[in-house]
Structure formats: C-alpha cells, structure tokens
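Worksheet: one structure, shown below.
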Amino acid sequence: MGIVRVRFAPSPTGALHIGGVRTALFNWLFARHHKGTFILRIEDTDRSRSTEESIRIILEGMKWLGLDWDEGPYRQTDRMEIYREHVDRLLKEGKAYYCYCTPEELEARRKQALAAGRPPKYDRKCLGLKDPLAGRKPAVRFLSSDEGQTVVRDLIRGAVSFDNKQLDDLIILRSDGVPTYNFAVVVDDVTMKISHVIRGDDHLNNTPRQIQLYRALGYEPPEFAHLPMILGPDKTKLSKRHGATAVTEYEDMGYLPEALVNYLARLGWSAGDQEIFSRDELIEKFNLENVGKAAAVFNPEKLLWLNHHYIQQAETERLADLLLSLFKKDGTVRPGGEPDREWLKKLVGILKERSHTLLEMKQSALPFILDEIKIDEKAGAKHLTLDAAGLLQELAGRLKTIDPFVHAEIEKVFNTIVQERGVKLGKIAQPVRVALIGGTVSPGIYEVIEVMGKDKTLNRIEAALRLIGARS
RNA sequence: GGUCCCAUCGUCUAGCGGCCUAGGACGCUGGCCUCUCACGCCGGAAACACGGGUUCGAUCCCCGUUGGGACCA
C-alpha cells in the first residue's frame, strides 16, 4: 500500500457520539497499522449549529480515548478561499453554473413534478441563463452527467453502481457563499491528500456525486470504505433516544477508555474468535478486509463486561486516582481531606474484583470513606438482632486486643468464636457486615474489617449494639 | 415514493463449497465454590429469513421473495 492518509471529520454540532467514535477509531487504527497519517478535520461550515464548546468536547473525547491525530484540527471555516477557487474553476470550465431559483420555487416545482409522476430532479431552468437575475444572489450548481453510470469501488462493499441520470445537478455553493457538504468534503479530501476515505455507510449514496466532482476537478478519487452503521436496540440508527450515546457520558458513568475502544473495535470488525485486544494488538491486527457489511446493534451489556475486565487489569494506582477524583467531584472528599494513599489502594484492592464500573466502585467505597453510615432498614431488622448482640459484643472485645490488625488475625478471632459458640460463620459475619457497611453486600468480612481499621470497626459495632438496645 | 445497502443464536460475530450433528463472546440458565454479593470454574438452552436454481454436495455461488436499514427529497 502507498502512503496512507486518513481523516476523521466530525461536525461540531453537539457531543462526540458513539458512532463518530467508531469511525474515528477505525480510521485511527488503519493509519497506525499502515504507519500512515491520521488527520482531524472539523466540518464547521454550518455556522448556525457549530459551536466552540462542541469542538472542545470532540478534542477532549479523542484525547480521552487515546486517538491522537497527526495533523489538524483543520477547520473548514478557515478554508473558504480554497473552496471558492475550486468553484470558480468549475464555473470557468463550464462544469458548473449559477442558479437563481429560490428554495420556494424549487419546492413548488418539485411538488409539481411529483404530482405529474416525474422524478423530483432539478429541471436545469437556470442552466442556459446568459444574464444574472437582478436582485438575486445565485447559488452554484454542478453540471452533472446524464449518461452512463458511476461506479463506487468500495473496499468493504465491492463495486456499487449508480445510474447517472438519477443524480441531479447538486448545489456546490450556496447563495450565501458557503460550500455544501458534498463539495467541501471533496475539496478537503483532495487538498489534504487523503488516500482512504473511511466513513459511515450513510455516505455511500453521496459517493457517486463526489466521484463526479473529483473527476470534474481533474483529480483521482481516493479509495473508499463505507463502514456499517451502529444501531440501537430497535435497529434504527443509534441516537440520543437510545440512551447514552456520548463519549462523555461513558466517562462519567465510570467506563475506562480501553473498554470502550475494545468494544467499538469489535463492532463490525473481528479477528477470528478473539474478544479482548490490547491497543497494540488492535493496531497490529486491524484491517478493512475483516470489517463486516451488516449494521451492528449496540449492546451495553457486553461493554459492561469488557469494562469489568479492564478494571481487573488496571493498575491499582490508576484506579485509586480515578476513584479519588470521583469523590472530589461530588464533594465526598474535600481538598486537604484526602485519605492516605496506601490505604486507598488497599480499599481499591478489595473492591475492584466486584466492580463493573468506577461508579459502582465508588458506591461500594462510600462506607469506608464516610464518617457516618446509614443502616439499611431491612438488613438491620434481619441481622441486627438480640441474638447477634451477644456475638457482636464478644467480637468487639476480642478485636480490641488484636495487634497487627490484619486479615489473618481477624480471621482467627472469628474462628475462635465460631468454635466456642458452635455457630455458623454466617451468624456472625452478616451482622458485622451490616454494622460496618450498613448493608448485606460487601467484600469478604475479614478484608472489610482490616481496611475499615480498628477504631472505625469498634465504633460501628458499638453503634449497632446501641441500636439493638434501643429497639428492644 | 425513488436510489443504494444489508441478512448466521436475543446481541456482537467465526465461517470465505465438503473440516458444520454451525465455533467463540455477551446476556440468559443449571451446578460447584462460599460469611453476603460478586468473581471464578464446570454444564445447558439458543441461529444459517424463505423459495428457486448451480453443483456429486450448499450457511458459503446465482436469481427471486420477504424483512430491515440508509440516503434523497
């Protein structure tokens, strides 16, 4: 393969969307695999809908996912002269013409055509016009060919042909001087020397007109690869109404970027039976040949499973940082009141196995961080009973004397009580659990006690005993 | 409506004419482990949309039907 230059070209009209990320990822992987160049281009010609904020979100999302770009971000609004020059060239060569028709006129004629059973194609009313129409600013239309076919040679779909007579003379420059999407994209891709246009399936129908534009401009079209869409559970194009679709939402929900990358990579692409890919493996194995043709339904459960996997893989150090920043964000931990780092790592250590997201981990960490806990009513009623009180009392007494307050020693205490009293471990473990964390779900009780520490443990057992006393 | 695309378990997919009584993964589910919940381990149910061809032989090739999607308006 020659020099690979690919691009991701989002419109900054909102969040960075899952579908967009997948397109970006495939472009990025393709570039990295072929040691090519990955270019970021902001398609902001729609000034009314484009915002700076949105550009910022896109750039941050790309960084979060580790999709670094080699050139750009370019902006279409900085390139207006380039489009203008290309329009002028087509005009001069008779390959484009001014059109003075207003949107209202066009709409009316289209309806007429439809009513008369004719295809609603532009009727070329302005094609032969010699003199400008006074008082009207013209748009510029591309004079497309009526005959033959335009064949898109797509790397994923093979040859797809379109009858040229289906394509009408599309507007390339609006009357306000702004180029249309199909024109700007061609000029950009050509001037940026893009070798492979890898984009969503929804653009396949645009491709024949773009190919005609390349030719009219005297350029060789690039290679094309149209990626299958990502669908929601109802099998329509994934959109906001399907729930979380913005990258930032996944970040906020406690997903790791590598989980999202791995998940998205396998959506529409595969390498045999492999499910888990490191970033380097992805780069090494990615190819367009193994990209499928059928649209794929986005499956949050599988993403959750991958996230769990990557949380297990992640360095404790990193998870501790992430957890701490979550606590700072919601005010649980105030500046200056940070917990001891080694202790936090120990906490993460006992929590990570059962956490599918960072948010879940945060939730389980709460009883360890907070000074006060609230005891779940049902759990309290069930486990903090008069029977349990005696056991808790004894446990507290024995825990007090333990010197290295560690798992092994704590376990010994439990074993002693279990043996002497002849009760099942559960009879004592559950009440303690409820006393310490307020509910019935937690890591192993010995580790919980160790991480909780002697003071907190004894205090909470006492509080539980008072609660039992007050109740009876 | 016109044009184009697509079609293997609920979902993501492997399969590129015989290796398929169709493999893996998520999810679901039975069991084991167990101080709770998980994790983990072992097992299970679950698909080639339909109809024609081509071929000694079709999940795989061709045509049609059906279904879904996208784009244009």
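Below, chains carry the letters A, B, ... as their sequence lines are ordered, and counting in each starts from 1.
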Whole-Å distance separating the [atom1] atom of [X] from the [atom2] atom of [N]:
X: A:Asp202; N: B:G68; atom1: CG; atom2: C1'; result: 16 Å
X: A:Ile449; N: B:U36; atom1: CD1; atom2: P; result: 15 Å
X: A:Phe224; N: B:A70; atom1: CZ; atom2: P; result: 22 Å
X: A:Trp305; N: B:C26; atom1: CH2; atom2: P; result: 5 Å
X: A:Lys293; N: B:G69; atom1: NZ; atom2: P; result: 20 Å
X: A:Leu238; N: B:U11; atom1: CG; atom2: P; result: 16 Å
X: A:Leu167; N: B:C71; atom1: CG; atom2: C1'; result: 12 Å
X: A:His356; N: B:C37; atom1: NE2; atom2: P; result: 15 Å

- Yes or no on side chain to side chain donor-acceptor pair (under 3.5 Å) for A:Asp280 and A:Ser278, after CA distance, side-chain angles and deciding distance? CA-CA 5 Å; A:Asp280 288 343; A:Ser278 70; 5.4 Å; no
Going by an N to O cut-off under 4.0 Å, is there a salt bridge joining [X] and [Y]?
X: A:Lys362; Y: A:Asp330; answer: yes
X: A:Glu394; Y: A:Arg421; answer: yes
X: A:Arg7; Y: A:Glu43; answer: no

- Query: Would you call the rings of A:His86 and A:Tyr219 parallel, tilted or perpendicular if under 30° counts as parallel and over 60° as perpendicular?
  - Reply: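 Aromatic pair A:His86/A:Tyr219 classed tilted.
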- Classify the ring geometry between A:Phe224 and A:His226 as parallel (under 30°), tilted (30 to 60°) or perpendicular (over 60°).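 Ring orientation, 0 to 90° scale: parallel.
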- The contact string for nucleotides 12-24 of chain B, one letter per nucleotide 5' to 3', using protein heavy atoms under 4.0 Å with B, S and - for base, sugar-phosphate only and none, comes out as BSS--------BB
- Message: Please tell me whether A:Gln210 and A:Asn182 have a donor and an acceptor in their side chains that are separated by less than 3.5 angstrom.
- Response: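 Present: a donor and an acceptor within the cut-off.
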- Item | Distance-only side-chain donor-acceptor flag, A:Ser161 / A:Arg153, under 3.5 Å |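 No, because no side-chain N or O of A:Ser161 sits under 3.5 Å from a partner of the opposite role on A:Arg153.
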- Query: Counting any heavy atom closer than 4.0 Å, what does A:Glu301 reach on the DNA or RNA strands: base, sugar-phosphate only, or nothing?
  - Reply: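 Counting heavy atoms under 4.0 Å across all strands, the contact made by A:Glu301 is with sugar-phosphate only.
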- Reckon A:His203 touches a base, only the sugar-phosphate, or nothing at all at heavy-atom distances under 4.0 Å?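 Nothing, no nucleic acid heavy atom in range.
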Which of [range] sit near RNA chain B, with a heavy atom under 4.0 Å from it?
range: residues 436-447 of chain A; value: A:Thr440, A:Val441, A:Ser442, A:Pro443, A:Gly444, A:Ile445, A:Tyr446
range: residues 397-434 of chain A; value: A:Leu425, A:Gly426, A:Ala429, A:Gln430, A:Arg433
range: residues 373-394 of chain A; value: none

- A:Ile42: which of A:Ser11, A:Pro12, A:Ser50 passes side chain to side chain contact (heavy atoms under 4.5 Å, CB included):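 Filter result, single survivor: A:Pro12.
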- Sort out for me which residue in A:Thr385, A:Ile468, A:Ile428 forms a side chain to side chain contact (heavy atoms under 4.5 Å, CB included) with A:Leu392.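 Exactly one candidate clears the test, A:Ile468.
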- Please list, chain by chain and in numerical order, all residues satisfying side chain to side chain donor-acceptor pair (under 3.5 Å) with A:Arg157, sequence neighbours excluded.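 With sequence neighbours excluded, A:Arg157 shows a side chain to side chain donor-acceptor pair (under 3.5 Å) to A:Asp201, given in chain and number order.
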- Name all residues meeting the side chain to side chain donor-acceptor pair (under 3.5 Å) criterion together with A:Asp44; count only those two or more places apart in sequence or in a different chain, and write none if there are none.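 By the side chain to side chain donor-acceptor pair (under 3.5 Å) rule, A:Asp44 matches A:Thr77.
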- Query: Is the A:Phe26 to A:Phe286 ring centre distance short of 6.0 Å?
  - Reply: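 Ring-ring flag for A:Phe26/A:Phe286: true, centres closer than 6.0 Å.
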